[in-house]
Amino acid sequence: MREILERALGKGREEVIYGETASYIPELGRVDKNQLGVCIYTSDGKKEAVGDYDVRFTIQSISKVITLAVALERCGFYKVFEKVGMEPSGDAFNSLIKLDLSNNYPYNPMINSGAIAIASYLTPIISFKKMLQITRRLCMDDDITLNTDVYLSEMNHISRNKAIAYLLESKGIIASGSVQESLDFYVRMCSLNVTAESLANFGLVLARGGIHPETGEQLLEEDVVQVVKTIMLTCGMYDGSGEFAVHVGVPSKSGVGGGILSVADKKMGIGIFGPSLDAKGNSIAGRSILRTLSKELNLHIFA
Ligand code: GLN
C-alpha cells in the first residue's frame, strides 16, 4: 500500500507546476504550492500516509459536506431541498449567472450559492462553536481550529459571495436580513484548519455509513450519509465533476485550500492536500493521485 501511495504521489507531483494557488483569497495565494500529501484510512483499521499529510490547511469547500450533513439532520430533507437543487451546475463554484437568469434556486449544496443558502438555514439553530465541535468529531481531530488569517483575508475579499448572498435574499431563498450572518458562518466553516489525515478520517466515517471507525458510534444518520455521498459524486468537483466521475469514480469533494476528501464506499477514506489548483479550483496533483489510486486499488464504483 505504501508503495502505491508513494508512486501516486510522485506522479501527482509532476502536475504541480501546471497549477496555481487560489490567489483570489490573498492568504491562500501565499501558501507554498509545492506541498503535497495523501492519507488513506481503510475499513480494516489501517492507516497509511505520505508527503505533507500532517500539514494544516483550510478546508474551504469541503466544509460544504459537513454543513449539508448537519442541515439534513437538523432541518430535514424537505427543508434543505425545498430551495436548493441537487443537480450539477456545469458552472464555476462561485457563479451567479444561472442563479439570476435561468434558475431561481442554487443548483446544488456543493457550490457557493447552495452552501450560503444552507448556512442561512443553520445560523438560527446552531452556533459556529457547535459546528466546530461536530467537525472535530467527524474528522477525529481535536486540533481543528479557525484559521483567523484566512478567515479575515476572505472576509476582506467577499464581494462575489456577497453578491450571491444578496441575490439569494432578493429571491427569498434566504431570509431577509440574514445576509451578513450567513456569510460569516459560511466563511468561518471554510476557514477551518484540517490536514489530509483529518479528511481521510472523515472519509472513512462516510464510507462506513456515518459510523466512527474506532468507537462504533453513529456520528451521522445512514440515510443522510447516503444523500451526501451521492451529491459528492455528481457535484463535488464543481464543473469538473462529470469527467472526474468517469476517470476516478469515487465520491469526492474539493476545496480551494487544496484539499480533496474522497470516499471509497465501505472500503476507505482518502484525504489529499495539494494547493496547486487547476482552472476549476480542484487540486491538480490531487486529481492525478486519485486517478492512480482508483486504478491501482480498484476503487471506481463501477469497476
Ligand atoms: N471560501 C471559498 C469561496 O467561497 C470556498 C470555495 C472553494 O473551496 N471552492 O470562494
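Both counts, for ligands and for their atoms, begin at 1 and track the order of listing. All residue numbers in this chain count up from 1 along the given sequence. FYI, side chains are in, hydrogens and waters are out, and symmetry mates aren't considered; it's all heavy atoms of this structure.
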Would you kindly specify which portion of [X] sits under 4.0 Å from ligand 1, judged on non-hydrogen atoms: side chain, backbone, both or neither?
X	value
Glu154	side chain
Asn161	side chain
Ser61	both

Check this for me - ligand 1, Lys64, N or O atoms closer than 3.5 angstrom, yes or no?
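In fact, backbone or side chain, Lys64 has no N or O that close.
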
Does Gly255, backbone or side chain, put an N or O under 3.5 Å from an N or O of ligand 1?
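Among all N and O atoms of Gly255, none is under 3.5 Å from an N or O of ligand 1.
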
Quick check for you: to the nearest 0.5 Å, what is the distance between Ser241 atom OG and Met110 atom CE?
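So the gap between those two atoms works out to 10.0 Å.
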
Asn112 heavy atom under 4.0 Å from ligand 1:
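Checking ligand 1 against Asn112, which is what was asked, there is a heavy-atom contact under 4.0 Å.
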
Among all residues two or more places apart in sequence or in another chain, which pass the side chain to side chain donor-acceptor pair (under 3.5 Å) test with Ser288?
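Once residues adjacent in sequence are excluded, Ser288 has no partner under the side chain to side chain donor-acceptor pair (under 3.5 Å) criterion.
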
Give the atom numbers and elements of ligand 1 that come within less than 4.0 Å of a heavy atom of [X].
X	answer
Phe93	6 (C), 9 (N), 10 (O)
Tyr24	2 (C), 3 (C), 6 (C), 10 (O)
Cys190	1 (N)

Lys/Arg N to Asp/Glu carboxylate O, Asp44 vs Lys46, below 4.0 Å
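Yes, this pair counts.
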
Tell me whether Glu15 is salt-bridged to Arg287, with the criterion being a basic N under 4.0 Å from an acidic carboxylate O.
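No, no charged N to carboxylate O under 4.0 Å.
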
Are side-chain N/O atoms of Ser127 and Lys130 paired as donor and acceptor at under 3.5 Å?
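Their side chains do not contain a donor-acceptor pair, so the 3.5 Å distance test is not met.
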
For Ala207 and Met268, work out which heavy atoms get closest and say how close.
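The answer is CB-O, 3.8 Å.
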
Looking only at protein heavy atoms, which one is nearest to [atom], and how far off is it?
atom	result
atom 4 (O) of ligand 1	Tyr186 OH, 2.7 Å
atom 2 (C) of ligand 1	Gln60 OE1, 3.2 Å
atom 9 (N) of ligand 1	Tyr238 OH, 2.5 Å

Sole candidate of Ile173, Val179, Val84 that passes side chain to side chain contact (heavy atoms under 4.5 Å, CB included) when paired with Leu168:
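Going through the options one by one, the only one that passes is Ile173.
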
Quick check with a 6.0 Å cut-off and a 45 degree axis cone: is Lys83 positioned over the face of Tyr105's six-membered ring?
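Pair Lys83/Tyr105 does not count as cation-pi.
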
